[in-house]
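Positions are given from 1 along the sequence. Only this structure's heavy atoms are used, side chains among them; waters, hydrogens and symmetry mates stay out.
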Amino acid sequence: YSYDLFICCSPNEHLFAQQLRNVLSQHCGIKTFFGKESISWGGSNLKEIQQAMGDCKRALIIVSKALLQHCGRIDELVVSAFVDRQFSKGTAGVLLPVLLDVDQVQYKRQFPFLSVYKTVAASVDDPSGLAKKVQECLESVGYEKDNKFPF
């Protein structure tokens with residue numbers, strides 16, 4: 001794998017995802033793939049997205065109110081690809097849903113099949129706090145890196 005983490009979010013959360021990616025990369029040493037930087041989202045580039053997902057060990061999906069309202073083909077593709085990988089290869093912690101200002105009830109109503117996954121709660125005002133939680137979750141499933149979160 002070329003990347004540790006694939007970040008998926010709705011277009012409304014691109015700035016937050018970019019901030020999270022920067023903190024994860026610079027302070028945690030976690031190599032992240034965030035499609036906005038290299039893929040323009042849309043149905044015509046499905047092959048590029050699938051290739052990128054295959055190049056990432058795990059996925060983080062930012063579940064926001066916008067995503068809950070407009071869950072599209074890309075989001076479903078990311079979720080199903082990483083869920084399938086977990087079951088076919090027995091890989092732990094492949095998918096990490098991050099609830100961005102969304103409560104558990106809303107999340108479970110929209111994605112009941114994902115209720116078995118550990119979730120992380122986050123606030124749009126705290127990408128650094130989320131990065132620390134993400135690093136802890138990755139370490140709990142065997143991810144090791146020399147760089148520890150500095151704060």
Side-chain angles (χ1 to χ4, degrees), residues 1-39 41 48-68 71-72 74-108 110-151:
Y1 297 103
S2 299
Y3 299 95
D4 300 311
L5 199 60
F6 182 97
I7 298 178
C8 179
C9 66
S10 81
N12 294 10
E13 279 70 46
H14 280 173
L15 178 61
F16 178 79
Q18 180 61 51
Q19 293 169 337
L20 174 62
R21 180 196 180 282
N22 292 343
V23 174
L24 287 170
S25 297
Q26 295 168 7
H27 297 291
C28 304
I30 297 172
K31 289 189 215 171
T32 58
F33 181 91
F34 177 48
K36 184 179 186 298
E37 296 170 347
S38 57
I39 296 175
W41 292 92
E48 290 178 85
I49 295 167
Q50 288 172 318
Q51 182 178 356
M53 288 187 306
D55 212 14
C56 298
K57 290 180 190 173
R58 294 179 169 84
L60 179 149
I61 184 165
I62 298 175
V63 180
S64 63
K65 290 177 182 165
L67 184 93
L68 291 176
C71 185
I74 299 304
D75 309 310
E76 292 171 3
L77 174 72
V78 171
V79 169
S80 64
F82 282 96
V83 168
D84 289 347
R85 184 184 304 172
Q86 177 159 342
F87 288 109
S88 67
K89 295 185 178 178
T91 310
V94 169
L95 184 67
L96 178 60
V98 171
L99 306 184
L100 186 62
D101 298 325
V102 169
D103 66 40
Q104 286 282 343
V105 174
Q106 291 172 301
Y107 165 72
K108 288 181 179 181
Q110 184 83 18
F111 298 110
F113 59 97
L114 294 179
S115 62
V116 298
Y117 289 92
K118 177 180 181 172
T119 59
V120 173
S123 169
V124 72
D125 300 324
D126 192 15
S128 295
L130 174 57
K132 184 175 181 179
K133 292 177 187 178
V134 169
Q135 182 177 12
E136 290 168 357
C137 288
L138 290 175
E139 288 173 351
S140 75
V141 294
Y143 174 82
E144 292 182 22
K145 203 65 171 172
D146 292 338
N147 300 343
K148 296 294 180 188
F149 202 84
F151 21 114

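Leu60 is not listed as a side-chain neighbour of Thr32, based on a closest heavy-atom distance of 4.5 Å or more. Considering only heavy atoms from C-beta on, Ser64 stays 4.5 Å or farther from Asn12 through its side chain. Within the 4.5 Å cutoff, no side-chain heavy atoms of Ile30 are placed close to those of Ser25.
Closest approach of Ala17 to Ile62, counting heavy atoms only: CB-CD1, 3.9 Å. The shortest non-hydrogen separation linking Lys65 to Val102 is N-CG2, 3.5 Å. Closest non-hydrogen pair, Val124 versus Phe16, comes out as O-CD1, 3.5 Å. The two residues Ala131 and Cys28 have their closest heavy-atom pair at O-SG, 4.4 Å. Taking each heavy atom of Lys118 and Pro97 in turn, the nearest pair found is O-CD, 3.4 Å. Across all non-hydrogen atoms, the minimal contact from Pro127 to Gln19 is CG-OE1, 3.8 Å.
Going from atom CG of Leu20 over to atom CG of Leu15 covers 11.5 Å, rounded to the nearest 0.5 Å. Put simply, OG on Ser128 and CG on Leu24 are 9.5 Å apart, with the number rounded to the nearest 0.5 Å. A distance of 10.5 Å separates CD1 of Ile7 from CG of Leu96, quoted to the nearest 0.5 Å. Put simply, CG on Leu99 and CG on Leu130 are 10.5 Å apart, with the number rounded to the nearest 0.5 Å. Note: Arg21 CZ to Gln26 CD = 8.5 Å, rounded to the nearest 0.5 Å. Rounded to the nearest 0.5 angstrom, Glu136 CD and Lys133 NZ are separated by 9.0 Å.
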(Q) Using side chain to side chain contact (heavy atoms under 4.5 Å, CB included), reason through Val134 and Leu5 one step at a time and then give a plain yes or no. (A) CA-CA 10 Å; Val134 169; Leu5 199 60; 4.0 Å; yes
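The pair Asp4-Lys57 meets the salt-bridge criterion, since a charged nitrogen lies less than 4.0 angstrom from a carboxylate oxygen.
Ring pair Phe33/Phe6 is parallel by interplanar angle, where below 30° counts as parallel and above 60° as perpendicular.
Gln106 places a side-chain N or O within donor-acceptor distance of the main-chain N or O of Asp103, the cut-off being under 3.5 Å.
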